[in-house]
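Computation of the quantities below employed the complete heavy-atom set of this structure, encompassing side-chain atoms and omitting hydrogens, waters and symmetry-equivalent molecules. Each ligand, and each atom within it, is numbered from 1 in the order the structure gives.
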Amino acid sequence: MLQLAASMGRLGTESAFEVLARANALAAEGRDIINLGIGQPDFKTPDHIVEAAAKALKDGHHGYTPANGIPELRNAVAADIAKYRGVEIDPANVMIVPGGKVTMFFAISMFGEAGAEIIYPNPGFPIYESVIKYTGATPIPMPLHEESGYAFDADEVLSLITPNTRLLILNTPSNPTGGAVPRSEMDKLATGLENHPHVCILSDEIYARMLYDGREHVSLLEYKHLRDRTIMLDGWSKTYAMTGWRLGYGVWPSSLIADATRLSINCHSCVSASNQYAGIAALEGPQNAVDQMVAAFDERRKVIVREINQIPGFTCPEPGGAFYAFPNITGTGIGSIEMQNKLLNEAGVALISGTSFGHFGEGYVRFSYANSTENIVEAIRRIKACLMAD
Ligand code: PLP
């Protein structure tokens with residue numbers, strides 16, 4: 001018998017990948033499945049980015065790069081942060097990694113151990129809780145409420161901090177809720193954190209460019225007094241439709257960048273050289289493809305919210321960002337997992353149970369509207385027909 005480390009038993013997963021596998025298996029059997037489960041843009045990576053990667057390969061960029069990324073890309077990231085977040089950072093604080101998740105894994109591993117507490121959004125991206133448990137730390141859920149558009153309540157977050165809190169994880173705009181935290185609440189939290197200098201903050205800003213109705217993105221990097229304990233996570237996956245490229249970055253405080261780089265050296269050495277050149281083309285090239293994609297998401301957002309609110313027993317607040325809708329389904333009397341399975345098996349619509357995003361996700365499901373308007377409308381028609389047939 002092989003004996004695995006106990007930590008493996010604490011590692012969770014991201015159900016979106018499991019639902020995707022089941023949806024694909026049903027599709028392979030000939031079923032017509034509409035996938036509103038997986039969170040990835042349904043657009044292609046813009047051509048000029050693909051061409052930059054191909055050129056890099058032809059130009060002979062085949063070898064290892066510095067573990068923290070090529071300087072040209074780190075400079076491009078710093079320039080992008082200045083442009084879109086209005087914040088000056090030193091490119092030396094940027095670490096390029098294979099996907100947004102890696103910054104998350106490294107930050108949580110750096111602070112997590114038995115006795116440590118880590119606060120994370122719930123419902124939230126499932127990997128936060130999974131990796132916190134994996135490290136042996138105690139996960140402290142920060143509940144997000146439907147009534148406030150799923151933005152956190154700064155006072156509630158601050159009340160969760162204890163002397164054992166090591167890391168606080170924030171995510172705006174948010175997966176799975178689409179919630180966007182307003183400046184007033186972020187200001188309040190940032191001020192309150194002055195009283196807790198022992199807490200590091202991981203700010204997951206991977207959906208920063210996807211905001212609607214004139215909402216502004218409030219980056220934690222804007223708060224100078226927190227800069228020496230802020231880790232900002234972003235990447236190319238969502239913004240440039242590059243989920244399969246595996247390209248992301250973290251902005252680390254000066255005191256942690258060497259440790260983060262050591263983790264990279266131990267784990268993956270560096271990110272694929274050609275993809276780093278593609279990353280430069282994405283940041284420095286034309287942004288119209290991003291604007292068009294976000295405009296398309298905005299249109300679908302309006303359609304999906306309107307349509308979901310017509311399903312008996314569903315109520316859906318308007319998401320402020322990302323490409324998710326997170327309706328309350330308690331009016332149907334059906335639990336979240338049962339709803340996920342029922343709709344996949346009986347209606348051929350893949351979506352994700354709210355419980356995949358934590359305990360406080362019961363009574364909710366997540367729709368990803370990274371799909372065509374036509375498919376969204378058809379999916380909701382099928383859901384209504386399925387639920388009414390009961
Ligand atoms: N953070 C959040 C909130 C996400 O939703 C995701 C992906 O779904 C990630 C990070 C990870 O992104 P990547 O695919 O670049 O690892």
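Taking a cutoff of 4.0 Å between a charged side-chain nitrogen and a carboxylate oxygen, E51 and K55 do not qualify as a salt bridge. A salt bridge does not link K83 to D80: none of the charged side-chain nitrogens sits closer than 4.0 Å to a carboxylate oxygen. The residues D234 and R85 are annotated as salt-bridged, a charged nitrogen and a carboxylate oxygen being separated by less than 4.0 angstrom. With respect to E318 and K302, no salt bridge is recorded, no charged nitrogen being found less than 4.0 Å from a carboxylate O. Between E216 and R183, at least one side-chain N (NZ, or NE/NH1/NH2) sits under 4.0 Å from a carboxylate O, which counts as a salt bridge.
Under 4.0 angstrom from ligand 1, there are no non-hydrogen atoms of V102.
Counting the atoms of ligand 1 from 1 in the order shown, those under 4.0 Å from a heavy atom of N175 are 3 (C), 4 (C), 5 (O), 8 (O). Residue-ligand proximity, G99 to ligand 1, at heavy-atom distances under 4.0 Å covers atoms 15 (O), 16 (O).
Considering backbone and side-chain N/O atoms, Y207 comes within less than 3.5 Å of an N/O atom of ligand 1. Taking only nitrogen or oxygen atoms, main chain and side chain alike, K238 reaches within less than 3.5 Å of ligand 1. Inclusion of D204 in the set of residues having an N or O under 3.5 Å from an N or O of ligand 1 is warranted. At least one N or O atom of S237 sits closer than 3.5 Å to an N or O atom of ligand 1.
The protein heavy-atom contact nearest to atom 14 (O) of ligand 1 is R246 NH1, 3.0 Å.
Here atom 10 (C) of ligand 1 lies nearest to M104 when heavy atoms of K101, E14, M104 are compared. One option in I206, V97, I127 has a heavy atom closer to atom 12 (O) of ligand 1 than any other, and that option is I206.
Put simply, no part of T243 is less than 4.0 Å from ligand 1, judged by heavy atoms.
The environment of NE2 in H198 is crowded: more than 12 heavy-atom neighbours from other residues, nucleotides or ligands sit within 6.0 Å.
With a 6.0 Å cutoff to the six-membered ring centre and a 45° limit on the axis angle, R209 counts as a cation-pi contact of Y84.
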